Amino acid sequence: MEQMKRTHACGALRASDAGQTVTLNGWVHRTRDHGGVAFFNLRDHSGITQVVVDQDAPSELQEVAGGLHMEYCVAVEGTVRKRPDAMVNSDMATGEIELAATRIDVLSTCEPLPFMIDERSDARDDLRFKYRYLDLRTAAMQRKIRLRSEVMQAVREYLTGQNFVEVETPTMIKSTPEGARDFLVPSRLHPGTFYAMPQSPQLYKQILMVSGFDRYFQLAHCFRDEDARGDRQLEHTQIDLEMSFVSKDDVFEVVEGMMGNVFRRALGVELPATFERLPYDEAMNRFGSDKPDLRFDLELQDFVPFVEGSGFGVFEGVVSSGGTVKVLVVPGQADYSRKQITELEDVAKTYGAKGLAWTKVRAADGDANAEETGDASGGLTLDGGIGKFFAPRADEIAAALGAGDGDLLLFVADGWKVATTALGAVRSRLGRDLELAEPGTFRFAWIVDFPLFEYNEDEGRWEAAHHMFTMPQEQYIETMEDDPGAVKGDLYDLVCNGYELASGSIRIHDPALQSRIFRIVGFDEEEAQRRFGFLLEAFKYGPPPHGGIAPGLDRLVMIMAGEDSIREVIAFPKTANGLSPMDDSPSPVDPKQLEELGLRLAPKKE
RNA sequence: GGGGGUGUAGCGAAGUUGGUUAUCGCGCCGGCCUGUCAAGCCGGAGAUCGCGGGUUCGAUCCCCGUCACUCCCGCCA
């Protein structure tokens, strides 16, 4: 029997097609058998059409229809028919018509499903991943994976239009462990040696600049053997790009144009032509994060000016030992309960804060506390928590912070990094709890002027905050050995809605400068040669000044899809634990495979 | 590596201050039904309450361990 090929997609037919004889191919979405007349919905990725088998249809046809079950794959031939007015389903795009079947071929049958192919289905992730092919049949997943495809095409369209060349780099490379753990691939031909899967094509794309491909890009798979998160997988995809003879402004311009094209084409959303720039220090001081969600205000403020002489020993102690006190004014939330504040305090403590101090701004009139707190101005007072220490200056403080009656004040006192980070985490939590960010909006920003080095307390040495090939900013170069912590790098992040979307830098192309960086992070020449010798060798042959960036494709699509996990926009993701329930990987291998590779498993640790 | 939440029928959930037939919706099986569209009505099957151990006369419930999913810290140049 010849297969009935489709003439239309399941979401395509409209009232204007009435009278046509058509064939649809798809999956049985639901069946409704009335004994006489029978209906079923036929679905493909484009939509759903109701098929009707009339009461007076041939008994053979009725029999086939009666035997249909969910997710049978079928071909239906029939006549498009306008529905009677009362039967029109305005919730369906095809709701004005139905297909009166004249022939139904069952192309394949389907066993009872582990979960329903339905927007309402909310199966656990491991089950969805085990049966990912079924999960992907849902309209929601179809939408997201197709969005991803659209984004990739928009990226290629824009970058190739800007004279970028797409170059593939190897998936098996030399292990250059510096940041994350490498995934290793044992070599059979050279037992005892290993390839690594790239954490990113970083060194290769820099070498491509030496090669004269002055604008390179690649949709690159990157692998990092670290614990996963909702926005992190063991393997992910970067829109990796690199350019020669550029400053960071040139890189920004390309990415702004690319994002504009992506959002325009894939979502029909118009982004600003340029994104605002926020120095790292300012981002930390105002938002307590180097990837702030700028869709809402709720900014951190400096409380140090009010600490001296307050008599509140905790704050005074922190300030006198060089720390800082940050405050968050939460408008209108003075009715927050102790329990809610304790929950926020737990958030702050997670990030190293010793506590979360609080008080509430109240109108002072009629307040029994007003006299004993010495506030006779009749304006505002600070009520509860640490309020009594600062109530005498309540009006002054409120004015300086822009706070008013009914506001909640939250404080963290600690070293600068902890105080800003911890209160920033509280800000993020409040943003979620109070739903301050409008869904469906996108706020991009460049974070610039990052420190080039960070001090590693555990190992007692400086290390590269980004990577070792990042150019220090001009004004720090001469004296950078004196105070590495003060050096700002020519590196930048692109953030959107509280996520780090991209990270990049202008690279060092001067071997002498590169050697100084190696020395600061404690790399001797031999170590540098062993790890990066091939790059340093390449840089002996006329390397151009260059820089680049690598936006994360998964996070980008996640944000565009309104999801909060990249698993939702990856066709075949791993679980948070790094497992793949569908193919059951990772898995043990045949001892013979190990033998060929010259590997022997260590006994399991007790 | 550490902390929080979750795990009850194929799926999603309820439940038990520790008590003998573990509940509901969807799905599945059988029957009825001429217009439904999350069809409806009647009947039925289906659960070692994640797994292992402990406490107890008795554990799905309490305790310990373990596995899985998930969120967070660490980690992620």
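Keep in mind that this is a model prediction, so the values were computed, not measured. So that the names make sense, note that chain A is the first sequence line, chain B the second, and so on, each numbered from 1.
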According to side chain to side chain donor-acceptor pair (under 3.5 Å), who are the partners of T342(A), at least two apart in sequence or on a separate chain?
none
By salt bridge (Lys or Arg N to Asp or Glu O under 4.0 Å) - contacts of R461(A) (at least two apart)
E459(A), E463(A)
May I have the distance from F40(A) (atom CZ) to A39(B) (atom P), rounded to whole angstrom?
14 Å
Contacts of S428(A) meeting side-chain contact (heavy atoms from CB on, under 4.5 Å) (sequence neighbours excluded), chain-then-number -> none
Looking for any heavy atom pair under 4.0 Å, which part of the strands does T470(A) touch: base, sugar-phosphate only, or nothing?
nothing
Nearest-Å distance, CD (E568(A)) to P (C69(B))?
15 Å
By side chain to side chain donor-acceptor pair (under 3.5 Å) - contacts of N41(A) (at least two apart):
R32(A)
Counting any heavy atom closer than 4.0 Å, what does D91(A) reach on the DNA or RNA strands: base, sugar-phosphate only, or nothing?
nothing
Selection residues 483-503 of chain A - residue pairs positive for ring-ring contact (aromatic ring centres under 6.0 Å, His included), sequence neighbours left out
F252(A)-Y492(A)
Could you encode protein contacts along nucleotides 70-76 of chain B as a string, one character per nucleotide from 5' to 3', using B for base contact, S for sugar-phosphate-only contact and - for no contact, with a heavy-atom cut-off of under 4.0 Å?
SSBBBBB
Please list, for nucleotides 35-37 of chain B, all pairs of protein and nucleotide N/O atoms separated by less than 3.5 Å.
| unit_1 | atom_1 | unit_2 | atom_2 | d |
| --- | --- | --- | --- | --- |
| G35(B) | OP1 | H34(A) | ND1 | 3.3 |
| G35(B) | O6 | R81(A) | NH2 | 3.1 |
| G35(B) | N1 | E98(A) | OE2 | 3.0 |
| G35(B) | N2 | E98(A) | OE1 | 2.6 |
| G35(B) | N2 | E98(A) | OE2 | 3.2 |
| U36(B) | O4' | H34(A) | NE2 | 3.3 |
| U36(B) | O2 | R32(A) | NE | 2.6 |
| U36(B) | O2 | R32(A) | NH2 | 3.3 |
| U36(B) | O2 | Q50(A) | OE1 | 3.3 |
| U36(B) | N3 | Q50(A) | OE1 | 2.8 |
| U36(B) | N3 | Q50(A) | NE2 | 3.0 |
| U36(B) | O4 | Q50(A) | NE2 | 2.8 |
| U36(B) | O4 | R83(A) | NH1 | 3.3 |
| C37(B) | O4' | R32(A) | NE | 3.1 |
| C37(B) | O2 | Q50(A) | OE1 | 3.3 |
| C37(B) | O2 | N89(A) | ND2 | 3.2 |
| C37(B) | N3 | R83(A) | NH1 | 2.7 |
| C37(B) | N4 | R83(A) | NH1 | 3.4 |
| C37(B) | N4 | M87(A) | O | 2.5 |

Using a 4.0 Å heavy-atom cut-off, does L127(A) contact any base of the nucleic acid, only the sugar-phosphate backbone, or nothing at all?
sugar-phosphate
Under 4.0 angstrom, heavy atoms only, what part of the nucleic acid is A465(A) near: base, sugar-phosphate, or nothing?
sugar-phosphate
For E463(A), which contact category applies under a 4.0 Å heavy-atom criterion: base, sugar-phosphate, or nothing?
nothing
Both L579(A) and G35(A) contact RNA chain B. Which one's nearest nucleotide lies toward the 5' end?
G35(A)
Is U17(B) paired to anything, Watson-Crick or G-U wobble with both distances less than 3.5 Å, and if yes, which nucleotide?
none
Under the criterion salt bridge (charged side-chain N to carboxylate O under 4.0 Å, His left out), I'd like the reasoning laid out for D126(A) against K130(A): C-alpha separation, chi angles, the key distance, then a yes or no.
CA-CA 6 Å; D126(A) 45 346; K130(A) 178 168 182 184; over 6 Å; no
Now, which nucleotide makes the Watson-Crick or G-U wobble pair with C32(B), with each of the two distances under 3.5 Å?
G40(B)
Pairwise N/O distances under 3.5 Å, protein to nucleotides 6-9 of chain B:
none

What is the distance, rounded to the nearest whole Å, between atom CG of D346(A) and atom C1' of G3(B)?
11 Å
Base paired to C69(B) (Watson-Crick or G-U; both N/O distances under 3.5 angstrom)
G5(B)
With sequence neighbours excluded, tell me which residues meet side-chain contact (heavy atoms from CB on, under 4.5 Å) with A228(A).
none
With sequence neighbours left out, what residues match S46(A) under side chain to side chain donor-acceptor pair (under 3.5 Å)?
D44(A)
Just list the side-chain donor-acceptor pairs under 3.5 Å for residues 545-553 of chain A, sequence neighbours left out, or say none.
| unit_1 | atom_1 | unit_2 | atom_2 | d |
| --- | --- | --- | --- | --- |
| H546(A) | ND1 | P544(A) | O | 2.8 |
| H546(A) | NE2 | Q206(A) | NE2 | 3.1 |

Could you list the donor-acceptor pairs under 3.5 angstrom formed by side chains in residues 572-582 of chain A, with sequence neighbours left out?
| unit_1 | atom_1 | unit_2 | atom_2 | d |
| --- | --- | --- | --- | --- |
| K574(A) | NZ | E235(A) | OE2 | 3.1 |
| T575(A) | OG1 | N577(A) | N | 3.2 |
| T575(A) | OG1 | L579(A) | N | 3.3 |
| S580(A) | OG | D583(A) | OD1 | 2.9 |

Scan side-chain atoms only and decide if T169(A) and Q218(A) contain a donor-acceptor pair under the 3.5 Å cut-off.
yes
